[in-house]
Amino acid sequence: METRICEVDPLENNESLFAEAAEILKQGGLVALPTETVYGLGADALNPEAVVHVFEAKSRPRFDPLIVHLASARELEQVAVVPDELSATVQRLAAEFWPGPFTMVLPKAVAIPDVVTGGLNTVAVRVSAHPVMKSVIKALGHPIAAPSANRFGRISPTCASAVMKELGGRIPLILDAGACTEGLESTIVQPMVDDKGKAGIRILRQGPVTREQFRNVVKIIRPKPTPKTEDNKLLTPPIVPGQLASHYAPGKKVILKDKNETFVPDNEELDYGLLSFEGTSTLAESYDWTSVYTLSPGNGRLAEAAVRLFAVMRQMDEDEDIDVIVAECLPETGIGAAMMDRLRRASADRT
Ligand code: TXA
Ligand code: MG
């Protein structure tokens, strides 16, 4: 299949392009679409056969559920059933963080096919602020199920050319609205009541909306400690693949190091590249790196680093002079927590 990239110029009238994208989706086809976080691979969320194609195109296991995107929070009732005890919390979160880089997991409505939720009785719902995503949902007249537009387990694409590298030949159309402004996948929370019956949220995936921001709006319910067997072994908690230890991974080995450490290579034969926050650190100066890639050169701004993280990881993965990526730990405040979450998963043992 030939994959077309169509540029969307926000200053022009793009109605015919949106209608064309919607037509592909109506026919059960797939379209890659921009959001402010990362590019998504969209299908008509109410068409189970179309959704199956998403799993096939991504080589994604069927049990890993997708996020359903709405044009506005007003459509929430079409896809989710909000229990009375969570209604005020959900409304507050929607008012505060939608449209935006924010996803809520809620009990699913019957309209949502099981294949979207991987058989779970909950559905992940997001209202993106990106005008292209919004316009295509409106043109389709249905919500759009969209995971990140990468092959399973790989780095999420933050521009159209990255989507092309991941899914070229597997999908007919990519709408190209330039680089994503957030660059990290949405924060996912699940509204729930705690042991004392008080409503709040559990954070399932860290992202652009930070713990600090939630604190002012809702109670954050900490996850229960993972149960242990009698001989003190951890029982594996029930997880969905986005929460797998190894995820968001480049093809190359990734090693995480503190910025104040000095680096000593395991293997002198290999070429080590450094992924540095500011480019200046004990770690950066401790070794003759094949190359140093810097996320926020000179001034160490976490927001700039977040926008660039996946694109730079992709460049390092493609850099033929590097065998191993050494990533410097970032400050774990604000969006830094979500970036460290992705770096830890990228460096997790994949065996
Ligand atoms: O920023 C984003 O969230 C992007 C854009 C395209 O919206 N989407 C995205 O989708 O990152 P995906 O499929 O790559 O990651 C969604 C995560 C997965 O880890 C999945 O397991 C989790 O959301 N998820 C989906 N439905 C869930 C549910 N009902 N319960 C718990 N986790 C769920
Ligand atoms: Mg993904």
Side-chain angles (χ1 to χ4, degrees), residues 30-43 45 51 54-55 57-70 79-81 97-109 112-130 132-134 136-137 143-158 162-163 166-167 174-175 177 180-192 201-209 223 237-249 306-307 310 335 338 341-342 345-346:
L30 308 181
V31 179
L33 301 161
T35 80
E36 69 274 44
T37 56
V38 300
Y39 274 73
L41 176 60
V51 173
V54 171
F55 289 90
K58 278 184 61 104
S59 310
R60 173 163 167 148
R62 290 285 180 86
F63 53 81
D64 189 2
L66 308 182
I67 296 177
V68 170
H69 297 72
L70 308 175
V79 299
V81 185
F97 301 116
W98 275 347
F102 173 66
T103 299
M104 271 194 269
V105 171
L106 293 164
K108 88 174 191 73
I112 296 298
D114 284 332
V115 59
V116 172
T117 63
L120 296 175
N121 53 16
T122 53
V123 61
V125 190
R126 174 170 175 214
V127 179
S128 162
H130 203 293
V132 173
M133 179 57 108
K134 201 167 275 197
V136 176
I137 296 170
I144 288 182
S148 51
N150 50 280
R151 279 172 282 137
F152 180 67
R154 291 180 40 86
I155 305 169
S156 297
T158 54
V163 178
E166 289 290 321
L167 299 174
I174 301 170
L175 294 189
C180 300
T181 53
E182 296 284 350
L184 277 185
E185 302 90 349
S186 63
T187 307
I188 305 181
V189 309
Q190 184 160 19
M192 57 174 68
I201 55 163
R202 185 162 287 165
I203 299 174
L204 301 186
R205 180 174 73 184
Q206 306 196 67
V209 179
I239 44 173
V240 284
Q243 284 126 42
L244 288 176
S246 166
H247 210 72
Y248 308 101
V307 171
F310 287 158
I335 187 79
D341 167 73
R342 305 305 190 271
R345 290 173 205 271

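Whatever order the structure lists them in is the order used to number ligands and atoms, beginning at 1. Heavy atoms only: backbone and side chains are in, while hydrogens, waters and symmetry mates are out.
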Look only at interatomic distance and state if Arg60 has a nitrogen or oxygen under 3.5 Å from any nitrogen or oxygen of ligand 1.
-> yes

Sorted by chain and number, sequence neighbours left out, salt bridge (charged side-chain N to carboxylate O under 4.0 Å, His left out) with Arg202 holds for none

Taking only non-hydrogen atoms of Asp64 and a 4.0 Å limit, the atoms of ligand 1 in range are 18 (C), 20 (C), 21 (O)

Heteroatom distance test (Thr37, ligand 1): nitrogen or oxygen, under 3.5 angstrom = yes

Determine whether the side chain, the backbone, both or neither of Gln190 has a heavy atom under 4.0 Å from any heavy atom of ligand 1.
-> neither

Side-chain donor or acceptor of Lys108 paired with backbone N/O of Val79 under 3.5 Å = no

Pull out every atom of ligand 1 sitting under 4.0 Å from any heavy atom of Ile67, numbered as shown with elements.
-> 3 (O), 8 (N), 9 (C), 10 (O), 16 (C)

Have a look at Gly207, Ser186, Pro147 and point out the one with the heavy atom closest to atom 2 (C) of ligand 1.
-> Ser186

What's the shortest heavy-atom distance between Met104 and Pro191, and which atoms?
-> SD-CG, 3.8 Å

Between Ile335 and Ala306, what is the shortest heavy-atom contact and its length?
-> CG1-CB, 3.7 Å

Which heavy atom of Arg342 sits nearest a heavy atom of Ser186, and at what distance?
-> NH2-O, 4.5 Å

Any donor-acceptor pair under 3.5 Å linking the side chain of Lys58 with the backbone of Ser148?
-> yes

Could you go through the side-chain contact (heavy atoms from CB on, under 4.5 Å) check for Leu33 and His69 one step at a time?
-> CA-CA 11 Å; Leu33 301 161; His69 297 72; over 6 Å; no

Proximity flag Thr117 to ligand 1, non-hydrogen atoms under 4.0 Å | no

Can an N, O or S atom be found in Ser148 less than 2.8 Å away from the Mg ion (ligand 2)?
-> yes

Ligand 1 atoms in contact with Leu120 (distance to a heavy atom under 4.0 Å) = 28 (C), 29 (N), 30 (N)

Which atoms from ligand 1 have a heavy atom of Val38 less than 4.0 Å away?
-> 4 (C)

If hydrogens are left out, which of Lys108, Arg205, Glu185, Met133 has an atom nearest to atom 15 (O) of ligand 1, that is, the closest non-hydrogen atom?
-> Arg205

Do ligand 1 and Ser148 have nitrogen or oxygen atoms that lie under 3.5 Å from each other?
-> yes

Heavy atom under 4.0 Å from ligand 1: found in Val105's side chain, backbone, both, or neither?
-> side chain

Specify the closest pair of heavy atoms between Leu184 and Pro208, including all atoms of both residues, with the distance to one decimal.
-> O-CG, 3.6 Å

Tell me, which pairs form a side-chain hydrogen bond (donor to acceptor under 3.5 Å, both in side chains) where one or both residues lie in residues 30-40, sequence neighbours left out?
-> Thr35-Thr37, Thr35-Arg126, Glu36-Arg126, Glu36-Ser128, Thr37-Arg126

Under 4.0 Å to a heavy atom of Thr122 - the qualifying atoms of ligand 1, by number = 28 (C), 29 (N), 30 (N)

